[in-house]
Amino acid sequence: MADEKVKTIGEDPDDILLEPIFKTGRGFYITVGILLAIVAWAGIAYMSQLIWGLGVTNLNRPVYWGMYITNFVFFIGISHAGTLISAILRIAKAEWRRAITRSAEIITVMVLFIGAANPFVDMGRPDRLLNPIIYGRFQSPLLWDMVSITTYLTASTVYLYIPMIPDIALIRDRSEGKIRKLVYSILALGWEGTPLQWKVLERLIAIMAIVVIPVAVSVHTVVSYVFAMTVQPMWHSTVFGPYFVAGAIFSGIAALIIAMAVLRKAFNLENYIRRVHFENMSLLLLVMTLLWFYFTFCEYITTFYGAEPVHMAVFWEKFSGRFSPYFWVMCITCFVIPFTILCNKKTRTITGIVIASVSVTIGMWLERFCIIVPTLANPRLPYDRGNYFPSWVEFSEMAGCFAGFILLYVLFTKFFPVISIWEIKEGRKKSVQEVSERVESYLPGLKNEPERAD
Amino acid sequence: MPRWGMVIDLDKCTGCGACIIACNSENNIGLSDPQLFREGRSIRWMDILTIEEGEYPDVKKKIMPRPCFHCDKPPCTKVCPVRATYKGDGGLVGQIYPRCIGCRYCTTACPYTVRYFDWYVPYWPSEMMATLNPDVSVRPKGVVEKCSFCHHRWQKAKELARSENRDMREDDYVPACVESCPGKAMYFGDLDNPQHRVTVLSKSRRASRLLEDLGTEPKVYYLLKGE
Ligand code: SF4
Ligand code: SF4
């Protein structure tokens, strides 16, 4: 790669990865147009909330938190796919990662913006945005959230950016327009592909991959603490930290699978994102499905056996009361559907895997909703009972969140390749040899066996 | 420093609702209407809970006035990201409207659900605007509010005492609800003063506090039905 000559498009097999950057099709404009329209609509809905107050939502006393906070937890959860999965795969030296790490990392960075925006939409006084910085109290779990999410956003942006530098340099060399060339040369940080630069790059990637894992785990643990640190029924639970982290990875993997399927179709990447990627990711998803079931089971069985009336009030609301439709649909979409599809070789096709992922995404949204709303609707004192169903403004904001996320993703693909080109090339050059050497090193009875002293 | 507290004798409470009205007008609480009530958005710092127990034909109906309990260990102040709610002088749990960001974390953390949010700008008919209490700030939309034990009355009592060159007498300061109760079912005073009626009553065998097992140490005591 270091001695790569400047080429024009069409000579290199990997040029298909650069195509969306140099050519803009009609599909791009249409997609961006539709997404912009939805985001604009959400903006109008938000204006109404600014003018009249949070009264335009259907929040009330005692259900003070609803869809916005659900979205917050959900989107922050999705963000765990990218960076975390990519880091784990890199550290585990999983060779098949090469084609999907970039697309995963983009999810993290983009969705974090959307997730972090939700508490601001939920704020009664958005004009006092800076108060948590001016008067911040570190005893409040909300401050822990702010810190861990900002750290995660910074770390995962760096982690997305560093492995992109050689690709940016490649685009720089291929660009013709003046401004374009300038922008990419600034971003490329003078990358020339010298051996020293490669060494530094690989070092940095290795360090970042390790750094982001604890940060990612801390993020959703702290998000769960927002609930677990209060004494409200069924929130005050020690399992919440790991339960939220597992749920986050679960929904994140599902989101990544959906993204892989869309990218593959939209950019004709069938050669890069192959069945094996879906297959491997689906096995991860299956493991997480079981883990999710395990956590959910732990959470509810202990509540049920403890049988404290205040907790049971919430418990029965979920099992057979007003929130039972959400709860049972959650069980079906988070467990029954993905488990059935992924367990069976016949249904574990790419289509099947994508269906399971969509189902998990829906289910995990409902899971967040089922954690937040039924508890608030049934507070400790039995005199205040509430109900909640989101208003059109809240639905618009949610649509805006999804559209905004996709829009950011689409715009990203316009400027940077969604598959790491140099990693693919490197893989072609080195991995086959490396992997066979690795296998040889731990299988006894093969040639070149070194003398073992230990 | 006193530790202000309240004792409510449930045997004496007739459920007339005078405390609610007194509180609403004392504290400039925005007017509600049936629509707001149905949506669960009317504000009443002081409310009367009605509790029905048992099944026909053995039904009991209890009534219970409920302010903020000004917990000695308040879960609400613990979670506020900006210290817009805090436990201040006299053990009163206060609220700083110009600082609150409206995140509603405190409302979800209070186990007694006695905190209220301003979903809209509070509303009064123009005739009522002239009768607003100048000692209490009118809340803007988007902040949280709750019973303050008529904190402003304490300030006034202290100033009056100072202008008359004397110490503040204990009964110079009572919240509007206590003052207005026709049945004299409510008592208010310094819980650290062993002679005061509230302290004596709070140690009575009939005294109990709501959700005592949570360790929030509310400073409002209820005297349950006598034998
Ligand atoms: S009753 Fe609720 S609002 Fe009042 S001090 Fe206690 S926790 Fe805070
Ligand atoms: S709503 Fe206001 S008082 Fe309550 S926690 Fe948030 S900032 Fe603090």
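What you are looking at is a predicted structure, and each value in this text was computed from that prediction instead of being measured. Reminder, nothing fancy here: chain letters follow the sequence lines and each chain counts from 1.
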inquiry  = Heavy atom to heavy atom, less than 4.5 Å: which residues from residues 41-53 of chain A reach chain B?
reply    = A:Leu50, A:Ile51, A:Trp52, A:Gly53

inquiry  = Heavy atom to heavy atom, less than 4.5 Å: which residues from residues 310-317 of chain A reach chain B?
reply    = none

request  = Select, from A:Pro119, A:Pro62, A:Pro132, the one with the greatest count of heavy-atom pairs under 4.5 Å involving chain B.
outcome  = A:Pro132

ask   = Side chain, backbone, both or neither: which part of A:Thr230 has a heavy atom under 4.5 Å from chain B?
value = side chain

key: Which portion of B:Thr216 sits near chain A, non-hydrogen atoms under 4.5 angstrom   = neither

request  = Specify which of A:Met123, A:Met229, A:Gln232 makes the most heavy-atom pairs with chain B at under 4.5 Å.
outcome  = A:Gln232

query = To the nearest 0.5 Å, how far apart are SG in B:Cys23 and CD1 in B:Ile29?
reply = 4.0 Å

Pick from B:Pro75, B:Ala109, B:Cys80 with the largest number of heavy-atom pairs that fall under 4.5 Å of chain A = B:Cys80

ask   = Quick one: what part of B:Cys76 sits under 4.5 Å from any heavy atom of chain A, side chain, backbone, both or neither?
value = neither

Check: A:Phe75 ring centre within less than 6.0 Å of A:Phe113 ring centre = no

task = Quick one: sort the A:Trp65 and A:Phe227 rings into parallel, tilted or perpendicular, breaks at 30° and 60°.
result = perpendicular

remark   = So, the part of B:Tyr86 with a heavy atom under 4.5 Å from chain A: the answer is neither

message = Working to the nearest 0.5 angstrom, can you tell me the gap between B:Glu217 CD and B:Arg209 CZ?
response = 6.0 Å

task = Report the relative orientation of the aromatic rings in A:His80 and A:His220; use parallel for angles under 30°, tilted for 30 to 60°, perpendicular for over 60°.
result = perpendicular

query = For chain A, which of B:Leu49, B:Val121, B:Thr107 has the most heavy-atom pairs under 4.5 Å?
reply = B:Thr107

note = Bottom line for A:Leu376: the part with an atom under 4.5 Å from chain B's heavy atoms is side chain

inquiry  = Set out, in order, the CA-CA distance, both residues' side-chain angles and the distance that settles side chain to side chain contact (heavy atoms under 4.5 Å, CB included) for B:Ser25 and B:Thr131, then state yes or no.
reply    = CA-CA 8 Å; B:Ser25 52; B:Thr131 67; over 6 Å; no

ask   = Between B:Leu36 and chain A, which part of the residue has a heavy atom less than 4.5 Å away: side chain, backbone, both or neither?
value = neither

remark   = OG1 of B:Thr108 to CD1 of A:Ile372, rounded to nearest 0.5 Å, is 10.0 Å

query = Partners of B:Phe188 by ring pair (Phe, Tyr, Trp, His ring centres under 6.0 Å), sequence neighbours excluded?
reply = B:Trp4, B:Phe149, B:Tyr173

ask   = Which value, rounded to the nearest 0.5 Å, describes the distance between A:Phe74 atom CZ and A:Glu367 atom CD?
value = 11.0 Å

ask   = Of the backbone (N, CA, C, O) and the side chain (C-beta and beyond), which part of A:Tyr225 lies under 4.5 Å from a heavy atom of chain B, both, or neither?
value = backbone

query = Without hydrogens or angle criteria, can the side chains of A:Tyr243 and A:Thr296 be said to hold a donor-acceptor pair below 3.5 Å?
reply = yes

request  = Can you tell which part of B:Arg99 gets under 4.5 Å to a heavy atom of chain A, answering side chain, backbone, both or neither?
outcome  = both

query = A:Phe327 and A:Phe319: aromatic ring centres closer than 6.0 Å?
reply = yes

ask   = In terms of heavy-atom pairs under 4.5 Å with chain B, which of A:Val231, A:Asn131, A:Leu143, A:Thr375 leads?
value = A:Asn131

task = Please round to the nearest 0.5 Å and tell me the distance separating atom CG of A:Leu59 and atom OG of A:Ser391.
result = 8.0 Å

query = Between B:Gln95 and B:Arg115, does any side-chain donor sit less than 3.5 Å from a side-chain acceptor?
reply = yes

key: Engaged part of B:Lys141 at the chain A interface, taking heavy atoms whose separation is under 4.5 Å   = both

query = Are the charged groups of B:Arg153 and B:Glu26 less than 4.0 angstrom apart, N to O?
reply = yes

inquiry  = Check for me whether B:Arg104 meets the cation-pi criterion with A:Tyr64, that is, NZ or CZ under 6.0 Å from the six-membered ring centre and within 45 degrees of the ring axis.
reply    = no

ask   = Side chain, backbone, both or neither: which part of B:Ile101 has a heavy atom under 4.5 Å from chain A?
value = both

key: Residues that A:Phe369 engages under ring pair (Phe, Tyr, Trp, His ring centres under 6.0 Å), provided they are two or more places apart   = A:Tyr326, A:Trp365

